[in-house]
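In this chain, numbering begins with 1 at the start of the sequence shown.
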Amino acid sequence: MPVVPRDAAPTTAGAGPAADDATTWAAEYLGLLLEDAAPIAYEGPLVRARAAGAPPAVLAGLERARLLALQVRDAFEARRRRESELSALFDTASDLATLRSVDEVLTAIVRRARQLLGTDVSYLTLNDDARGDTYMRVTDGSVSARFQALRLPMGEGLGGLVAQSAAPYATADYFADARFHHTDVINSGVREEGLVAILGVPLIRGPRVIGVLYAADRSQRSFERSEVALLGSLAAHAAIALDNARLLEETRAALHELSAAGRELREHTASVERAAGAHDRFIDVVLHGGGVEDVAAAVTEALGGRITVLDEEGRAVSSSPGGGELPADPAAALTLARSTGRTVRDGSWWTAAVTVGSELLGGLVLHRDDGLSDSDQRILERAALVTALLLLIRRTAGEAEGRVRGELLEELLGSALRDPDGLRERARRLGADLDRPYAVVVLRVEEACRGRALAAAGHLAALRGGLAGAHDGAVVLCLPDVDAATAAATARREVAAAAGRPVTAGGAGPARGPGGVAPAHAEARRCAATLEALGRAGESAGAAELGFVGLLLGEGREVGGFVRGTLGPVLDYDARRGTDLVGTLRAYFDAGASPARAAERLSVHVNTVTQRLERVGRLLGREWSAPDTALEVQLALRLHRLTGSAALD
């Protein structure tokens with residue numbers, strides 16, 4: 001049919017009704033194209049022309065017009081489909097760009113592939129380089145668990161062919177296709193899923209195939225070239241998005257690691273600063289002569305919690321405010337810390353041993369609810385080391401001072417004193433004043449614990465401004481400004497607690513000046529020996545407390561003190577009341593302790609004597625007439641008669 005230009009003028013030469021009808025019928029094809037009619041509708045003009053008896057030339061022209069119109073329609077349809085596919089690809093790219101995890105990307109790829117190609121199932125496999133095979137990663141529309149768990153050896157099945165060739169591959173009938181290698185495992189999975197037609201395209205990243213994207217139907221289907229291209233484009237987008245997601249995850253992981261490293265660095269820096277601060281505090285404590293309590297305060301300031309100081313047997317010696325809490329078996333924790341040389345944890349308690357060489361001096365126990373880092377444990381262990389240093393310094397200084405005090409005391413107890421002024425100066429440098437009144441105490445203790453007794457006596461002397469040392473198998477202690485009985489009782493109590501054994505203490509004094517120490521020591525030694533002879537080992541007493549025995553032992557023989565100590569209440573009663581209970585006592589003892597004969601001597605009734613003796617009992621105690629006490633009372637009565645009132649001054 002000749003083509004007539006749209007702006008050409010109509011011609012009537014040789015034209016008739018048939019020509020007009022042909023033009024009309026040909027124009028119908030344009031209308032059908034505009035209406036986007038179905039292909040069957042394009043048969044209408046040709047059928048009507050045949051029915052109207054159109055000549056063969058007209059019918060041939062109409063046939064050519066019909067074919068051209070269908071071609072135009074197909075071209076329009078292809079463009080629309082391509083536009084739709086491109087739009088879908090753009091949407092897919094946009095969707096993939098918003099995804100942040102690999103799982104989300106893979107799921108979106110498979111779902112969009114199924115939607116775009118309109119297949120029953122879509123799925124994606126990824127290569128496992130470590131195992132050398134391919135595994136099913138994501139499926140959409142699948143109903144078979146076996147199919148979803150398939151692993152394909154490299155080169156096996158349709159996917160193996162796609163992965164090896166890096167090119168798309170399609171089959172309309174999977175089981176009838178012999179172009180790839182079938183295996184029982186793959187065939188059973190595909191058969192259980194019911195797949196027949198399968199299209200696979202490679203996922204390529206750089207020069208490598210990383211997986212295969214599939215679209216499959218459960219019936220025979222021939223995939224068109226445009227569908228292969230569409231799935232390939234989707235796979236290309238997917239590979240890029242997958243790579244971006246992988247890089248994003250790696251970046252996120254790297255950022256997480258960097259953040260963790262930053263936290264660790266900050267924590268490490270803080271721990272280093274904390275350790276440096278604690279180290280500076282420990283140095284200050286040592287240089288300024290601090291004690292164990294200062295170390296404990298530095299530890300709690302650096303680490304928090306509450307600190308308790310232990311002795312070598314695991315007993316609490318001191319603790320920070322709110323402290324004092326100990327683990328169930330502190331001694332066991334201390335032993336373990338000593339053997340390992342490291343901090344030992346028991347719940348919320350941390351124990352570090354305080355040692356000098358192989359000797360255990362004690363321990364530090366930190367109670368804290370949260371854990372301790374390695375650097376914090378080093379702080380606690382360094383604190384234990386500083387504590388050991390302070391204890392060693394204190395012990396060395398104490399031993400040196402004790403040795404000096406002992407040497408001075410040894411010279412004071414010697415038979416001849418040389419240079420008394422020099423002795424006074426040496427005592428002054430030790431914090432002792434020999435011109436003050438001193439009580440001298442002799443402490444007798446078992447030889448096995450004499451060292452601990454001497455250390456305790458030295459500590460007491462240092463605190464009180466006195467002197468202490470060992471002399472003639474006993475421990476000698478000089479304490480200022482205290483009477484002999486009190487000094488002996490105090491020394492016995494303190495030294496016995498440290499030695500863990502009974503201690504017998506004899507006291508004497510007061511002594512003044514360098515020359516007064518030796519005589520007082522001799523008297524104190526006699527008192528200690530007398531206590532043991534009387535079966536009173538483990539007790540303390542001065543000469544005044546030993547009654548008439550003390551009177552005989554006493555260096556100055558204090559008659560007045562003995563009389564006053566024995567008869568004082570009776571003498572005071574007679575002085576206040578004008579009575580003569582002392583005379584009644586003399587008559588009673590002169591009469592052989594007979595109230596009747598005493599009454600005759602006094603020329604009074606026997607009941608009067610009995611009443612007076614009852615009064616004496618209330619004043620002197622019920623045991624005044626016991627043999628030992630009665631002997632002292634009689635001796636006091638005789639001395640009182642011999643010395644008169646001067647004995648009481």
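- Formation of a donor-acceptor pair under 3.5 Å by the Asn127 side chain with backbone atoms of Val209 is found in this model.
- Closest non-hydrogen pair, Arg191 versus Phe175, comes out as NH2-CE2, 3.5 Å.
- The ring-ring contact (aromatic ring centres under 6.0 Å, His included) pairs that include a residue from residues 45-74 number zero, where partners must be two or more places apart or lie in different chains.
- Once rounded to the nearest 0.5 Å, the distance linking OG1 of Thr119 with CZ of Arg221 reads 6.5 Å.
- Between Leu62 and Pro45, the shortest heavy-atom contact is CD1-O, 4.3 Å.
- Contact of the Gln148 side chain with the Tyr123 side chain is not registered, since no non-hydrogen atoms from C-beta on lie closer than 4.5 Å.
- Contact between Glu192 and Ser144 at its shortest, heavy atoms only, is OE2-OG, 2.7 Å.
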For the pair Leu106 and Leu126, evaluate side-chain contact (heavy atoms from CB on, under 4.5 Å) and give the outcome as yes or no after the intermediate values.
CA-CA 10 Å; Leu106 297 180; Leu126 291 179; 4.1 Å; yes
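- Under the 4.0 Å criterion applied to side-chain N and carboxylate O atoms, Arg146 and Glu193 are not assigned as salt-bridge partners.
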With side-chain contact (heavy atoms from CB on, under 4.5 Å) as the test, would you mind laying out the steps for Leu195 and Val121 before giving the verdict?
CA-CA 8 Å; Leu195 300 181; Val121 181; 3.8 Å; yes
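- When side chains are defined from C-beta on, Leu230 does not count as touching Phe223, because their heavy atoms never get closer than 4.5 Å.
- Looking at Thr139 and Val110, their side chains never come closer than 4.5 Å, going by heavy atoms from C-beta outward.
- Closest heavy-atom contact between Pro168 and Val201: CB-CG1, 3.7 Å.
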Which atom pairs, one a donor and one an acceptor, fall under 3.5 Å between side chains of residues 152-167 and the rest of the protein, sequence neighbours left out?
residue	atom	partner	partner atom	Å
Glu156	OE1	His181	ND1	2.2
Ser165	OG	Leu161	O	2.7
Ser165	OG	Ala167	N	3.4

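- The residues Asp129 and Arg208 are annotated as salt-bridged, a charged nitrogen and a carboxylate oxygen being separated by less than 4.0 angstrom.
- Remark: Arg137 CZ to Thr107 OG1 distance equals 7.5 Å, nearest 0.5 Å.
- The CG atom of Leu59 sits 12.0 Å away from atom CZ of Arg66, with the distance rounded to the nearest 0.5 Å.
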Run the numbers on Val212 and Tyr169 for side-chain contact (heavy atoms from CB on, under 4.5 Å), then give the verdict.
CA-CA 10 Å; Val212 178; Tyr169 193 85; over 6 Å; no
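- Annotation for Arg225: atom CZ does not count as buried by contact number, only 12 or fewer foreign heavy atoms lying within 6.0 Å.
- At distances below 3.5 Å, not a single donor-acceptor pair connects side-chain atoms of Ser259 with backbone N or O atoms of Leu255.
- Taking CD of Gln220 as the reference point, atom CG of Asp173 lies at 4.5 Å (rounded to 0.5 Å).
- Taken to the nearest 0.5 Å, the CD1 atom of Ile198 stands 9.5 Å off from the CG atom of Asp177.
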Under the side-chain contact (heavy atoms from CB on, under 4.5 Å) criterion, do Val228 and Leu199 qualify, and how do the steps go?
CA-CA 7 Å; Val228 175; Leu199 167 63; 3.8 Å; yes
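- Of the inter-residue distances, the one linking Ser122 atom OG with Arg112 atom CZ reads 11.5 Å to the nearest 0.5 angstrom.
- Closest of all the heavy-atom pairs between Leu231 and Ala113 is CD1-CB, 3.8 Å.
- Proximity of Leu366 to Thr343: side-chain heavy atoms (C-beta onward) are nowhere separated by under 4.5 Å.
- Taking all atoms of both residues into account, the shortest heavy-atom contact from Asp120 to Asp217 is N-OD1, 2.8 Å.
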